[in-house]
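So the structure is just underneath, and the comments pick up after that.
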Amino acid sequence: MDNNRYDSHRPRKRVSRKTLRNRRLAALFIIAFLVLLFIILIAKGCSKDDKKKKPSKVSSATTITTTSTTTDAAVTTTAVTTTTVADPVNKSDFQLDKTSVYIEVGETDTPMVQAYPDGTYEADERWSSGDKSIATVDSYGHIKGISPGICYVTLRSAADPKQEVMIKVTVRGDEVENETSIAPQSNVAEAPEPPVYDTEGLTYIDGVLIANKSYSLPATFAPGLESICYTQFQALSGAAAKEGLSIWLGSGYRSYHDQEIIYDNYVKEDGKDAADTYSARPGFSEHQTGLVIDCNTIDDAFGYTPEATWLAEHAHEYGFIIRYPQGKEEYTGYKYEPWHIRYVGSKLATKLYKSGQCLEEYLNIKSEYKSS
């Protein structure tokens with residue numbers, strides 16, 4: 001057979017112009033679809049990358065903010081001047097319409113609570129006066145002027161004792177003390193000794209009120225945060241701010257009931273033996289004396305901060321001691337707490353600072369619970 005003959009080939013199929021145009025349109029559609037699909041895939045990839053980057057940006061911003069607050073002396077000084085000198089510190093979630101009250105003797109004023117911490121309600125309000133001889137306060141927050149002077153009223157939550165706010169109360173009168181008469185002492189002037197409470201059931205040794213594992217406080221003893229303790233703390237935190245450090249009131253006075261809640265929670269978490277190494281049983285807590293302040297955060301990490309170093313070196317100048325020093329656990333009965341300071345006045349504070357002794361060593365007393 002002759003393969004070159006035209007008749008031996010299959011005849012070609014003729015394609016019309018319309019069919020050709022339809023094929024071209026179909027090809028263009030497919031190409032456009034593929035391009036669009038490619039663009040969508042790229043967009044999704046970028047979106048995932050953005051989501052992954054967002055947390056690190058927030059973290060970075062938080063770190064920068066924290067650093068600037070801690071190291072920027074000018075900013076810190078302003079914050080302290082505004083919140084701790086002019087008005088009491090409010091680190092809680094309570095929101096009041098005022099944190100300063102000015103009344104005459106016999107007059108009454110009531111700060112209004114505008115917002116409560118989460119899980120806290122009006123029924124959880126616990127009010128106390130730091131000096132009932134100057135001003136009293138009832139369970140509804142009605143503050144009454146008793147005699148001329150300045151003191152502090154504290155509002156705290158029974159549901160969450162860590163939530164507390166202080167109100168500065170100035171009672172005017174014919175013999176009212178001016179602001180400078182009880183102004184915070186400087187490290188040049190001597191910080192006075194704390195007041196002596198005439199309350200049955202308290203233990204004083206060499207003029208020092210004792211609350212440790214061996215000596216308890218009556219459940220009904222509720223002095224509130226002592227005003228001289230708070231004003232001296234203002235001086236301390238203000239001096240630290242001038243050096244670019246931020247020391248604030250993390251926790252102050254706690255009632256017997258407050259400590260009962262805190263201690264029971266720790267026992268549930270870690271067991272009684274462990275809890276006894278870092279938390280006082282109700283009635284044995286120094287916080288109930290009204291002469292103790294926990295600075296900043298209650299965390300071992302605080303001991304490695306410049307604030308903790310400064311506090312250890314300068315607290316005595318303002319009448320405070322580091323109550324549970326490092327290496328003194330066998331005397332105090334508690335772990336090292338660099339944040340826990342006790343007001344004793346500058347005379348005793350300086351003696352303990354220079355000697356390196358803790359309070360139990362100096363007074364030659366024990367801090368041990370009776371076997372139970």
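Counting heavy atoms of neighbouring residues, nucleotides and ligands inside a 6.0 Å radius, atom CG of D299 exceeds 12 of them. For E329, the CD atom is densely surrounded, since the number of other residues' heavy atoms within 6.0 Å is greater than 12. Counting non-hydrogen atoms of other residues, nucleotides and ligands closer than 6.0 Å to NZ of K213 gives a total above 12. Residue Y121 qualifies as open at atom OH: its count of foreign heavy atoms under 6.0 Å is 12 or below. Environment of CD in E200: sparse, with no more than 12 heavy atoms of neighbouring residues, nucleotides or ligands closer than 6.0 Å. Residue K328 qualifies as enclosed at atom NZ: its count of foreign heavy atoms under 6.0 Å is above 12.
Under the 3.5 Å distance criterion, the side-chain polar atoms of E226 are left unmatched by any main-chain donor or acceptor of P195. Counting only distance, with no hydrogens or angles, the side chain of Q163 and the backbone of D93 share a donor-acceptor pair below 3.5 Å. Side chain of N296 to main chain of S246: a donor-acceptor pair is present (N/O by atom type, distance under 3.5 Å, no hydrogens or angles). Side-chain atoms of N212 come within 3.5 Å of backbone atoms of K366 as a donor-acceptor pair (strictly under, hydrogens ignored). Put simply, the side chain of S216 never gets that close to the backbone of G283: no donor and acceptor are under 3.5 Å apart. Side-chain N or O atoms of Y369 include one that pairs as donor or acceptor with a backbone N or O of R281 at under 3.5 Å. Proximity of a side-chain donor or acceptor of S346 to a complementary backbone N or O of A191 within less than 3.5 Å is detected. Between the side chain of S355 and the main chain of Q357, a donor-acceptor pair closer than 3.5 Å is present. In this structure, the side chain of E361 does not engage the main chain of L352 through any donor-acceptor pair within 3.5 Å. Put simply, the side chain of E243 never gets that close to the backbone of A240: no donor and acceptor are under 3.5 Å apart.
Nearest approach of A349 to V344, heavy atoms of both residues: N-CG2, 3.7 Å. Of all non-hydrogen atoms in I322 and E337, the two that sit nearest each other are CG2-O, 3.9 Å. Considering every non-hydrogen atom in both F302 and P338, the closest pair reads CE2-O, 3.7 Å. Of all the heavy atoms in T110 and G141, the pair that sits closest is CG2-O, 3.4 Å. Between I150 and K168, the shortest heavy-atom contact is CG2-CE, 4.1 Å. Nearest heavy atom pair, residue T332 against residue Y324, reads CB-CD2, 3.6 Å.
Residues Y278 and D270 bring a donor and an acceptor atom of their side chains to less than 3.5 Å of each other.
Residue L209 is tested with T289, V196, T199 for a side chain to side chain contact (heavy atoms under 4.5 Å, CB included); the sole match is T289.
Here the side chains of D258 and S255 are in contact, with some heavy-atom distance below 4.5 Å.
For the atom pair H314 NE2 and Y353 OH, the distance stands at 7.5 Å (nearest 0.5 Å). One distance of note links CD1 of I293 with CD1 of I247; it measures 11.0 Å at 0.5 Å rounding. Between the CH2 atom in W310 and the SG atom in C295 there is a gap of 9.5 Å [rounded to 0.5 Å].
Between R323 and E360 a salt bridge is recorded (basic side-chain N to carboxylate O distance below 4.0 Å).
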